[in-house]
Amino acid sequence: MVSIHVPYFPGVNDMMIGATEIGRMKPGAILVNTARGPLVDTAAVTAALDDGSLGGYATDVITHGRNISGRQFDSLDDLGDQDLLDLMKHYPNVLVTPHMGYFTEPATEDMIRISFDNFHDAITTGATKNQVK
């Protein structure tokens with residue numbers, strides 16, 4: 001099993017896992033992406049599943065998640081993302097779930113508290129302890 005846990009930097013590590021990287025995995029490996037959708041070339045995953053070199057794929061992140069998140073679909077055909085549709089319709093060895101790890105009451109409370117604290121600090125002192133430079 002190969003599990004991805006890296007930050008995504010647009011334009012730097014897009015499609016970090018593609019056909020070449022999948023080809024270096026042991027035959028039958030399972031790829032798990034819980035980092036960010038654009039890190040994985042979904043078409044390469046589909047091809048590797050087609051030829052049997054990849055044993056499975058699991059993800060809770062997809063490249064065009066904003067186009068899907070919070071929407072209701074009457075059919076998988078309404079997804080609008082052909083690579084994702086191919087994965088979801090044709091492979092029992094593929095698991096696609098919502099990216100919900102942040103969606104807990106304590107996490108939401110922390111996001112609100114930290115955002116408020118940062119805003120307050122920026123207004124009163126001109127800086128925050130969580131400032132990104």
Side-chain angles (χ1 to χ4, degrees):
M1 179 183 302
V2 176
S3 183
I4 304 168
H5 303 274
V6 298
Y8 171 56
F9 299 105
V12 176
N13 60 349
D14 299 81
M15 296 194 188
M16 183 176 88
I17 304 295
T20 301
E21 293 74 24
I22 293 169
R24 292 180 181 150
M25 295 177 193
K26 289 183 180 180
I30 297 171
L31 178 60
V32 178
N33 181 11
T34 59
R36 292 288 179 252
L39 293 170
V40 174
D41 180 349
T42 308
V45 169
T46 301
L49 289 165
D50 278 341
D51 71 21
S53 59
L54 193 58
Y57 180 62
T59 187
D60 71 345
V61 290
I62 55 176
T63 300
H64 304 291
R66 292 180 185 195
N67 298 338
I68 295 172
S69 182
R71 292 188 51 211
Q72 179 177 332
F73 298 96
D74 296 325
S75 164
L76 282 178
D77 295 319
D78 296 335
L79 282 175
D81 182 325
Q82 191 61 49
D83 290 335
L84 180 61
L85 180 62
D86 289 345
L87 287 172
M88 292 177 75
K89 282 182 96 171
H90 301 293
Y91 300 107
N93 50 346
V94 171
L95 178 64
V96 178
T97 64
H99 186 68
M100 299 286 293
Y102 73 94
F103 199 59
T104 64
E105 195 168 312
T108 302
E109 289 171 358
D110 286 347
M111 284 187 280
I112 293 167
R113 181 183 48 75
I114 292 168
S115 295
F116 177 81
D117 289 347
N118 286 337
F119 180 72
H120 178 266
D121 290 348
I123 294 290
T124 58
T125 69
T128 71
K129 65 181 173 189
N130 298 309
Q131 186 171 341
V132 177
K133 296 179 183 182

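The structure displayed is predicted, hence computed values, not measured ones.
Side-chain atoms of His120 and Ile123, non-hydrogen and from C-beta on, never get closer than 4.5 Å to each other. Within the 4.5 Å cutoff, the side chain of Leu84 has no heavy atoms near those of the Thr42 side chain. With contacts defined as side-chain heavy-atom distances shorter than 4.5 Å, the pair Asn33/Tyr57 qualifies. Within the 4.5 Å cutoff, the side chain of Thr108 has no heavy atoms near those of the Glu105 side chain.
Note that the CZ atom of Arg36 and the CG atom of Leu39 stand 8.5 Å from one another [nearest 0.5 Å]. How far CG of Asp41 is from CE of Met16: 12.5 Å, rounded to the nearest 0.5 Å. Arg24 CZ to Ile17 CD1: the interatomic distance, rounded to the nearest 0.5 Å, is 10.0 Å.
Leu49 and Val32 fall into different hydrophobic clusters, defined by Ile, Leu, Val, Met, Phe, Trp and Tyr side-chain heavy atoms under 4.5 Å apart, directly or through other members. Residue Val94 is not grouped with residue Val61 when hydrophobic side chains (ILVMFWY) are merged at heavy-atom distances under 4.5 angstrom, including chains of intermediate members. A continuous path of Ile, Leu, Val, Met, Phe, Trp and Tyr side chains, each step under 4.5 Å between heavy atoms, connects Tyr8 with Val40, placing both in one hydrophobic cluster. When hydrophobic clusters are built by joining Ile, Leu, Val, Met, Phe, Trp and Tyr residues whose side-chain heavy atoms come closer than 4.5 Å, directly or via intermediates, Val2 is grouped together with Val96.
The backbone N or O of Gly55 sits less than 3.5 Å from a side-chain atom of Asn93, completing a donor-acceptor pair. A distance-only check finds a donor-acceptor pair linking the side chain of Asn13 to the backbone of Phe9 [under 3.5 Å]. In this structure a side-chain-to-backbone donor-acceptor pair under 3.5 Å is missing from Asp121 to Asn118.
Considering all non-hydrogen atoms of both residues, Gly18 and Ala44 come closest at C-CB, 3.8 Å.
Remark: of the listed residues Asp51, Leu87, Leu54, Leu87 is the sole one forming a side chain to side chain contact (heavy atoms under 4.5 Å, CB included) with Thr46.
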*So Leu31 and Val45, side chain to side chain contact (heavy atoms under 4.5 Å, CB included) or not? Walk me through it.*
CA-CA 9 Å; Leu31 178 60; Val45 169; 4.0 Å; yes
